[in-house]
Number of protein chains: 2
Amino acid sequence: MAGRRAARDAISRDQWAALISAKDAAPEPGARRASGREKAPITVERIIDAALQAVEAGGFEDLTMRTVATSLGTGPASLYAHVRNRAELGDLLIGRLCSQVALPEPDPARWRDQFMDVCAQLRDQFLRYPGIAQAALAVVPADLATLRVGEGMLAILLASGAPARQAAWTSDAAFLYTTGYCLEASAARRQSEDADGRAIDPAEIEERLRMLPPEQFPHTVAHARELTAGTGHDRFTFTLTLLLDGLVPPPRA
Amino acid sequence: MAGRRAARDAISRDQWAALISAKDAAPEPGARRASGREKAPITVERIIDAALQAVEAGGFEDLTMRTVATSLGTGPASLYAHVRNRAELGDLLIGRLCSQVALPEPDPARWRDQFMDVCAQLRDQFLRYPGIAQAALAVVPADLATLRVGEGMLAILLASGAPARQAAWTSDAAFLYTTGYCLEASAARRQSEDADGRAIDPAEIEERLRMLPPEQFPHTVAHARELTAGTGHDRFTFTLTLLLDGLVPPPRA
DNA sequence: TCCGAGCAACGAACATTGTTCTATCGACGA
DNA sequence: TCGTCGATAGAACAATGTTCGTTGCTCGGA
């Protein structure tokens, strides 16, 4: 009760500085020389690999320390020499996903498509690992790979000619919306899977919305189709377009 | 492993219909007559009250079945007669919060302010209970109170004259962004509290952003101030304004 | 008035989770 | 060669969500 433990150890500024300067070189300590291949040492990279595999298979809620550990042929205690927390493992996963996003050279003529593309890359990465967006909403400015994506998105928006603060906030909002969208999509997919057999597809949801009492839910009933529409990622691109058009009005109004 | 249990029991359509038709009357079964006051029976409402109190005090992660139960002077097993899951408890909490949102009569002349106000109400409710937005991202169309807010937001946007589908999607995006914003804000506040004593304020974050290598993070370093700015809820209203202006261009461009 | 059925309440327990303690093993430097 | 230090594990602990029986109460009908 009173002794609420620290949810996550905040690193000091010195640690932060060390983290930044050590970003290159450092050929993954623990790999040492990859001397024999009798045991294959545990490294952060291998932990991340195993964790991503687990999430891809069973969703973020199936990502436990024991799952990852047994997947590596060891016990859960062995992971804590490389990862401080389960939360830090989540950060590392997001970092890995972000590091695989290709960032274009900002082109003022195509900034809109470029920004959309980066968001779509993020979206596809997140959707590939259901529920992993949860971890993206807990991280703030921790990982370098995550910051790299933020830098890339900001660069594209600045190339549009928008003022710095508005570009920064829009980039942030787009990232937030992307993770929220993926989280909702993952949750919906999970919910439609669990009744194993009786799936809840959009048509079923539309049907149920129509069953609401029309006196209290007139618009929901009337536009049930529009509310549940959005096959593919139409809704996703629509919202981002809204944001970008609000930031810089499109040439042809 | 193989026997992955259903994360949440999906209700059948009949149950859904019964849920809708039973929305009024039904003076909370279990309250019966409030006969004596010797024990005060456990009701869903009292569970929700206790749960909200727990979240307000210690955040969403301190919301455990045992916390709620002992707060009501009983054991955790007693709650399962009224609540199916911890997840359902989360849904109920969101429902309670949503039920306290005041929905205005849509006014085509003031729809922008009206919509903003509803979102701000949601934001303040969510921020009052740190981390509770997590539960809002897991719920899809379950609770009636939640649907009521959706109906209200949709009604306001329709009053603006926007096409139905765009209004529906924008309403959805605004709700998504609101929950994401609150989740991020709660996480940041928690992280700044945990080092008990050594708080991480925006100034500290700005400082750290400036420490990044300028060759790889030129814009992040240059605009560190803009990235960390946004005292109060400037960022929140900015993003929503972006969405609304994208939906219906403002009269004075 | 009495009885039985149904249901809320509860104590105890189970499985699973994150995390820590401590011992062992190995390699590398002095 | 020895000592030290970090990685690896085994075992364990505390806490969590959830379920299983049992108990007790209330209410409807004989």
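Below, read A as the first sequence line, B as the second, and so on, with proteins coming before strands; counting in each chain starts at 1. These numbers come from the heavy atoms of this one structure, side chains and all, not from hydrogens, waters or symmetry mates.
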Next item on the list: Measure the spacing between CG of A:Leu183 and OG1 of A:Thr178 and express it to the nearest 0.5 Å.
Entry: 12.0 Å

Show me the side-chain donor-acceptor pairs of residues 119-127 of chain B shorter than 3.5 Å, one per line, residues at least two apart or across chains.
unit_1: B:Gln121; atom_1: OE1; unit_2: B:Ala102; atom_2: N; d: 2.8
unit_1: B:Gln121; atom_1: NE2; unit_2: B:Ala102; atom_2: O; d: 3.0
unit_1: B:Gln121; atom_1: NE2; unit_2: B:Asp117; atom_2: OD2; d: 3.1
unit_1: B:Gln125; atom_1: NE2; unit_2: B:Gln100; atom_2: OE1; d: 3.4

Notebook entry, point to check: Are any of A:Thr74's side-chain N or O atoms less than 4.0 Å away from OP1 or OP2 of D:dT8?
Noted result: no

Margin query: Looking at A:Ser78, I'd like to know whether one of its side-chain N or O atoms comes within less than 4.0 Å of OP1 or OP2 on D:dA9.
Written below: yes

Margin query: Can you confirm if the NZ or CZ of B:Arg86 lies within 45° of the ring axis of B:Phe60 and under 6.0 Å from the centre of its six-membered ring?
Written below: yes

Notebook entry, point to check: OP1, OP2 of C:dG18 versus side-chain N and O of A:Asn85: anything below 4.0 Å?
Noted result: no

Next item on the list: Whole angstrom is fine here: how far is it from CZ in B:Arg86 over to P in D:dA15?
Entry: 17 Å

Note to self: Just N and O in the side chain of B:His82: are any of them under 4.0 Å from OP1 or OP2 of C:dA9?
What the structure shows: yes

Margin query: Categorize B:Thr64 for me: base, sugar-phosphate, or nothing, with a 4.0 angstrom heavy-atom threshold over every strand shown.
Written below: sugar-phosphate

Check: Looking across every strand, which nucleic acid part, if any, lies under 4.0 Å from A:Leu63 by heavy atom: base, sugar-phosphate, or nothing?
Finding: sugar-phosphate

Next item on the list: Whole angstrom is fine here: how far is it from CG in A:Leu79 over to P in C:dT17?
Entry: 13 Å

Notebook entry, point to check: For B:Ala50, what residues pass the side-chain contact (heavy atoms from CB on, under 4.5 Å) criterion, not counting sequence neighbours?
Noted result: B:Val68, B:Ser71, B:Leu72

Item checked: Rounded interatomic separation in angstrom, taking OH from B:Tyr80 and P from C:dA8 -> 16 Å

